[in-house]
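Encoded as structure tokens, the structure appears first; notes follow it.
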Amino acid sequence: MMHAFMQLEDGTEIVHSDAEMIDGKECVRVYIEKPVHLGFKSVWCILPDYLWKDNDGFDEDEINSLKEIIESTAHLIIRFARQGGLGNAANF
């Protein structure tokens, strides 16, 4: 399941998965999508390794900006992923 995390001023949406075990390691998938004329730009990041995958349309400057956002909030994303999303985090 994917959970809403953040929407940037330019319409970019950041969502994340629940925490899951991949090859014996806890991981969280972060999906970023930005609306553009007739479609979307998108990219994945796997935490905690900051493995960026499947960039479709973001340029280098945009990716660097997104990296700063994800790196500065990764601890929150991982925490919320463990708790079933931001909406559930308030219940703990």
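Treat the numbers as computed from the prediction; the structure is a model and nothing was measured. Keep in mind that the numbers below use all heavy atoms, side chains included, and drop hydrogens, waters and symmetry copies.
- Proximity of His16 to Phe80: side-chain heavy atoms (C-beta onward) are separated by under 4.5 Å at one or more points.
- Residues Asp54 and Val43 form no side-chain contact, since every pair of their non-hydrogen atoms from C-beta on lies 4.5 Å or further apart.
- Under the 4.5 Å side-chain criterion, counting only non-hydrogen atoms from C-beta, Thr12 is not in contact with Lys41.
- Between the CG atom in Leu47 and the CD1 atom in Ile77 there is a gap of 5.5 Å [rounded to 0.5 Å].
- Here the straight-line distance linking atom CD1 of Ile14 with atom CG of Leu8 works out to 4.5 Å at 0.5 Å rounding.
- Nearest heavy-atom pair across Ala81 and Ser17 is CB-O, 3.3 Å.
- A donor-acceptor pair is defined here as one N or O able to donate and one able to accept, closer than 3.5 Å; such a pair exists between the side chain of Ser72 and the backbone of Glu68.
- The distance from the SG atom of Cys45 to the CD atom of Glu71 is 8.0 Å, given to the nearest 0.5 Å.
- Annotation: ring pair (Phe, Tyr, Trp, His ring centres under 6.0 Å) contacts of Tyr31 (sequence neighbours excluded): Trp44.
- Remark: Lys67 NZ to Trp52 CH2 distance equals 7.0 Å, nearest 0.5 Å.
- Using a distance-only test at 3.5 Å, with no hydrogens or angles considered, a donor-acceptor pair links the side chain of Thr73 to the main chain of Ile69.
- Residues Val15 and Ile32 fail the side-chain proximity criterion, which asks for heavy atoms closer than 4.5 Å.
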Counting only pairs under 3.5 Å, give me each side-chain donor-acceptor contact of residues 21-30, with atom names and distances, residues two or more places apart or in other chains.
| unit_1 | atom_1 | unit_2 | atom_2 | d |
| --- | --- | --- | --- | --- |
| Lys25 | NZ | Asp49 | OD1 | 2.5 |
| Lys25 | NZ | Asp49 | OD2 | 3.1 |
| Glu26 | OE1 | Arg82 | NE | 3.1 |
| Glu26 | OE1 | Arg82 | NH2 | 2.8 |
| Glu26 | OE2 | Arg82 | NE | 3.1 |
| Arg29 | NE | Glu20 | OE2 | 2.8 |
| Arg29 | NH2 | Glu20 | OE2 | 3.1 |

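- Taking both residues in full, the closest heavy atoms of Ile78 and Pro48 are given as CD1-CB, 4.3 Å, listed atom of the first, atom of the second, then distance.
- Ile46 and Leu76 fall into different hydrophobic clusters, where Ile, Leu, Val, Met, Phe, Trp and Tyr residues are linked whenever their side-chain heavy atoms come under 4.5 Å apart, directly or through other members.
- Residues Phe40 and Pro35 come closest through the heavy atom pair CD2-CA, 3.6 Å.
- Salt bridge status for Lys34 with Glu62: present, with a side-chain N to carboxylate O gap under 4.0 Å.
- Between Tyr50 and Ala74 the shortest heavy-atom distance is OH-CB, 3.3 Å.
- For the pair Gln83 and Arg79, the minimum side-chain heavy-atom distance is below 4.5 Å.
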